[in-house]
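Numbers here simply count residues along the sequence, with the first being 1.
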Amino acid sequence: MPTTTQATTQAPATTPATNTAPTRPGPPARPRPRALLVGTATAVTALLLLVAVGTLLHQPLLIPPLAASMALVAGAPDLPLSQPRSVVGGQLLSALTGFAVLAVAGPGLWGAAVAGGLALGVMMCARTPHSPAAATAVIVALQAPPFWSFLGLLAVASLVLVAVGLAGARAAGRTYPAYWI
């Protein structure tokens, strides 16, 4: 027999099976007490200010999507959804989308559903993502408010939210906005 040495191969060591599934993030960290208090106070102040200004103007300024907008501005000021460009631009573009659908379909649930969905696409194209604003398009398509007064009041309300958010961030020692335009 020839004397060739054959390399001995060892069987790979068996290791316990590892979980290869991606890990999912857990819940967000608890906010610091100061950030919690200032964020909450900022949101309450902004929404009360909308009610006060609306009362002076004899027009409702506080609509549900604006409360959701303020929750983002005060509670998650670093998100792209919370930036002034997205808050103001997203609200106004979504309202315009609602009015466009209203002009074509008239007021109603079917048109409101289309307006809410189209508003997302319009905001994405304009790089002004702001999810609460899709509800503004729905409100417009359902309620058929007067065009100019609704847009003007919505612009004022959105600017109030950004201004109060800016003041609240300063009080909390946070940076807001991350960017303006």
J.: Ignoring hydrogens, what is the shortest heavy-atom contact between Leu93 and Ala126? Give both atom names and the distance.
T.: CD1-CB, 3.4 Å

J.: Rounded to the nearest 0.5 Å, what separation is found between the OG1 atom of Thr97 and the CG atom of Leu120?
T.: 10.0 Å

J.: Would a hydrophobic clustering, with Ile, Leu, Val, Met, Phe, Trp and Tyr connected at side-chain separations under 4.5 Å, put Leu166 with Ile181?
T.: yes

J.: Quick check: closest heavy atoms across Ala141 and Ala115, and the distance to 0.1 Å?
T.: CB-CB, 3.9 Å

J.: To the nearest 0.5 Å, tell me how far Met123 CE sits from Leu92 CG.
T.: 11.5 Å

J.: For Leu61, run the side chain to side chain contact (heavy atoms under 4.5 Å, CB included) check against Thr55, Leu50, Leu49 and tell me which one passes.
T.: Leu50

J.: Show me the donor-acceptor pairs within less than 3.5 Å that the side chains of residues 144-163 make with the rest of the protein, sequence neighbours left out.
T.:
| residue | atom | partner | partner atom | Å |
| --- | --- | --- | --- | --- |
| Ser158 | OG | Leu154 | O | 2.9 |

J.: Would a hydrophobic clustering, with Ile, Leu, Val, Met, Phe, Trp and Tyr connected at side-chain separations under 4.5 Å, put Leu96 with Val101?
T.: no

J.: Side-chain polar contacts of residues 26-48 - donor-acceptor pairs under 3.5 angstrom, sequence neighbours left out - could you list them?
T.:
| residue | atom | partner | partner atom | Å |
| --- | --- | --- | --- | --- |
| Arg34 | NE | Ala171 | O | 3.4 |
| Arg34 | NH2 | Ala171 | O | 2.3 |
| Thr40 | OG1 | Leu36 | O | 2.8 |
| Thr42 | OG1 | Val38 | O | 2.6 |
| Thr45 | OG1 | Ala41 | O | 2.7 |

J.: Which atom pairs, one a donor and one an acceptor, fall under 3.5 Å between side chains of residues 64-81 and the rest of the protein, sequence neighbours left out?
T.:
| residue | atom | partner | partner atom | Å |
| --- | --- | --- | --- | --- |
| Ser69 | OG | Pro65 | O | 3.0 |
| Ser69 | OG | Gln91 | NE2 | 2.9 |
| Ser69 | OG | His130 | NE2 | 2.6 |

J.: Using the test side-chain contact (heavy atoms from CB on, under 4.5 Å), find all partners of Val104 that sit at least two apart in sequence or belong to another chain.
T.: none

J.: Clusters formed by hydrophobic residues whose side-chain heavy atoms approach within less than 4.5 Å: which one holds Tyr179, and what are its other members?
T.: none

J.: Which heavy-atom pair separates Ser94 from Ala137 by the least distance, and what is that distance?
T.: O-CB, 3.2 Å

J.: Which pairs, with at least one residue in residues 25-58 and sequence neighbours excluded, count as a ring-ring contact (aromatic ring centres under 6.0 Å, His included)?
T.: none

J.: Restricting to side-chain contact (heavy atoms from CB on, under 4.5 Å), what partner residues turn up for Leu142, sequence neighbours left out?
T.: Leu109, Ala112, Val138

J.: For Ala178, enumerate each residue passing the side-chain contact (heavy atoms from CB on, under 4.5 Å) test, keeping only those at least two apart in sequence or located in another chain.
T.: Gln83

J.: Linking directly or through intermediates, with side-chain heavy atoms under 4.5 Å: list the remaining ILVMFWY members grouped with Trp110, chain and number order.
T.: none

J.: Among residues at least two apart in sequence or on other chains, which ones pass side-chain contact (heavy atoms from CB on, under 4.5 Å) with Arg127?
T.: Arg85

